[in-house]
2 protein chains.
Amino acid sequence: MTSSAEPVSRAERKKQELRREIIDAAFDCFAERGYHATGIADVAARLGIGHGTFYRYFQNKRDIVDHVVDDLVGRVTGALTAENAPDAVSTLAEYREQSARIGESLGRIFGEDPRVPRLLLFEAPGIDRAMSERILDLFDLAASLTAAYLTHGVELGYLRADLDIDNTARAINGMILGTAISSLRTPEAQVAQSEALRRIMYDGIAAR
Amino acid sequence: MTSSAEPVSRAERKKQELRREIIDAAFDCFAERGYHATGIADVAARLGIGHGTFYRYFQNKRDIVDHVVDDLVGRVTGALTAENAPDAVSTLAEYREQSARIGESLGRIFGEDPRVPRLLLFEAPGIDRAMSERILDLFDLAASLTAAYLTHGVELGYLRADLDIDNTARAINGMILGTAISSLRTPEAQVAQSEALRRIMYDGIAAR
DNA sequence: CCCGAAACGGAATCGCGTGTCAGTTTCGGA
DNA sequence: TCCGAAACTGACACGCGATTCCGTTTCGGG
């Protein structure tokens with residue numbers, strides 16, 4: 001049920017392949033030079049195709065950036081939801097391990113290719129209102145995901161009963177966001193950053 | 001020593017006044033429609049001046065956005081440094097109070113006028129490389145400020161001795177960033193958000 | 001009240017990038 | 001090998017907006 005009807009055959013597959021290549025090339029260009037600074041011609045040139053061809057695959061410039069973002073959002077949410085259900089854990093220690101695992105996934109995506117956070121956080125919001133709303137939706141989605149983990153923890157009793165779940169979730173996501181942004185300049189600090197984040201959550205910053 | 005040489009007189013003052021009005025109008029436009037979507041003509045029209053006049057005050061479109069950002073950065077750093085030196089406190093309780101005070105200042109700036117975070121976080125980074133570097137510099141500056149507070153706390157012994165100061169500072173700033181971004185949609189949640197942030201720092205999220 | 005300098009305004013210029021389109025090439029099937 | 005459909009190409013047609021420039025207006029000093 002994951003893929004739709006068979007894409008007929010050969011030529012059709014070629015088309016889908018080129019379509020994918022265009023999305024990737026556009027991602028490269030947008031991340032490197034920025035959305036407004038790259039022209040359709042740049043994207044086409046990168047693939048060695050005429051820029052008229054581009055319009056056989058995408059309506060217009062605005063159209064493709066949506067697809068690029070789709071792609072990235074898919075990667076990120078995929079990493080977040082895969083094999084890490086909130087109710088897979090039942091103790092604080094397990095929870096901490098799980099959060100480390102999730103942090104690692106995110107780190108892999110954001111840290112290994114800084115173009116991903118650059119596009120999602122630095123380029124996309126400035127494109128237009130619709131896109132910035134989309135990014136805000138993404139934050140909201142992330143907040144509700146995190147909130148689900150917290151809710152689960154409160155119910156099982158390994159997290160504070162009086163947790164302000166929603167706002168705490170946003171604060172935690174903020175820390176993750178901070179990590180992603182840091183990785184724009186110092187991708188190698190990603191791991192330490194992630195550990196510091198977890199220490200704040202579990203140990204706080206105060207001396208005992 | 002705060003102001004330079006006297007700006008001669010009357011007419012000169014008028015000029016400075018208009019200059020300021022242009023900066024404000026540009027801020028309005030950029031925050032509302034976005035940098036790329038606003039033309040110089042829009043800024044000029046908002047003030048009822050000819051757009052040619054604009055060029056008597058600023059070199060070009062790129063020039064003015066720098067001044068707008070200067071202005072905002074000044075406001076933010078002003079709020080951060082004013083009357084809140086790191087060494088003004090010496091106990092955890094005082095520190096917590098101070099952080100609440102700082103949070104309140106930031107909340108006033110970000111929460112009361114969402115256009116400020118929208119411009120700084122959503123519009124500016126997408127303008128060009130130079131501007132996004134500038135925003136990253138701002139994050140670095142903020143990180144070093146926060147780090148100074150943490151260092152002071154560690155030295156006086158009211159914060160954990162084994163704190164990873166730099167990364168913890170970035171994580172904390174990330175939470176603040178998250179709050180600022182939330183305030184784009186729900187400015188009224190600002191206070192609760194800020195409180196949740198402090199609870200994470202001081203109490204953690206784990207059940208006792 | 002008059003004059004020259006400085007400020008203003010907005011029509012005109014110019015460059016750039018999006019999107020179109022008609023001619024050309026490719027390719028699978030017969 | 002030949003044919004028609006489908007894909008590709010890039011020169012071209014716009015439209016848009018930044019910047020310029022010069023005729024007009026304002027204003028302070030004499």
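Below, chains carry the letters A, B, ... as their sequence lines are ordered, and counting in each starts from 1.
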Do any of residues 22-44 of chain A sit with a heavy atom less than 4.0 Å from DNA chain C, and if so which?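 Of all residues in residues 22-44 of chain A, the ones placing a heavy atom under 4.0 Å from DNA chain C are A:T38, A:G39, A:I40.
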How close or far is atom [atom2] of [N] from atom [atom1] of [X], stated in whole angstroms?
X: A:R13; N: C:dG28; atom1: CZ; atom2: P; result: 13 Å
X: A:I64; N: C:dG19; atom1: CD1; atom2: P; result: 12 Å
X: B:R19; N: C:dC8; atom1: CZ; atom2: P; result: 13 Å

Using a strict 4.0 Å threshold on nitrogen-to-oxygen distance, state whether B:K14 and B:E21 make a salt bridge.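 No.
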Considering only NZ, NE, NH1 and NH2 on the basic side and carboxylate oxygens on the acidic side, decide whether A:R198 and A:E195 come within less than 4.0 Å. yes
Helical bend (five base pairs per end, nearest 10°) for the helix from C:dC1-D:dG30 to C:dA30-D:dT1: 10°
Please evaluate the base of D:dT19 for a donor-acceptor partner in the side chain of B:H51 within a cut-off of under 3.5 Å?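 Check passes, donor-acceptor contact within cut-off.
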Would you check if [X] and [Y] make a side-chain contact, meaning some heavy-atom pair closer than 4.5 Å?
X: B:F30; Y: B:E123; answer: no
X: A:D71; Y: A:R20; answer: yes
X: A:D140; Y: A:R170; answer: yes

Side chain A:H152, main chain A:A88, donor-acceptor under 3.5 Å: no
Short side-chain to backbone donor-acceptor contact, A:T186 and A:S183, under 3.5 Å: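 No; judged by distance alone, with no hydrogens or angles, the pair does not exist.
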Specify the residues of residues 53-63 of chain B, ordered by number, for which at least one heavy atom lies under 4.0 angstrom from an atom of DNA chain D.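 Nucleic-acid contacts, sorted: B:Y55, B:N60, B:K61.
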From C-beta outward on B:L18, which listed nucleotide comes closest to its side chain: C:dA11, D:dA11, C:dC8?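 From the listed options, C:dC8 comes nearest.
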For A:Q59 and A:I64, what are the C-alpha separation, side-chain angles and deciding distance, and is it a side-chain contact (heavy atoms from CB on, under 4.5 Å)? CA-CA 8 Å; A:Q59 291 263 310; A:I64 198 181; over 6 Å; no
Want to settle it: does B:G52 or B:K15 sit nearer the 5' end of DNA chain C, counting the closest nucleotide to each?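 That would be B:K15.
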May I ask you to decide if the ring planes of B:F139 and A:F122 are parallel, tilted or perpendicular, using 30° and 60° as cut-offs? tilted
So B:Y95 and B:Y202, would you call those rings parallel, tilted or perpendicular, with 30° and 60° as cut-offs? perpendicular
Tell me whether the guanidinium CZ or amine NZ of B:K61 lies under 6.0 angstrom from the six-membered ring centre of B:Y55 and within 45° of its axis.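 No, a cation-pi geometry is absent between B:K61 and B:Y55.
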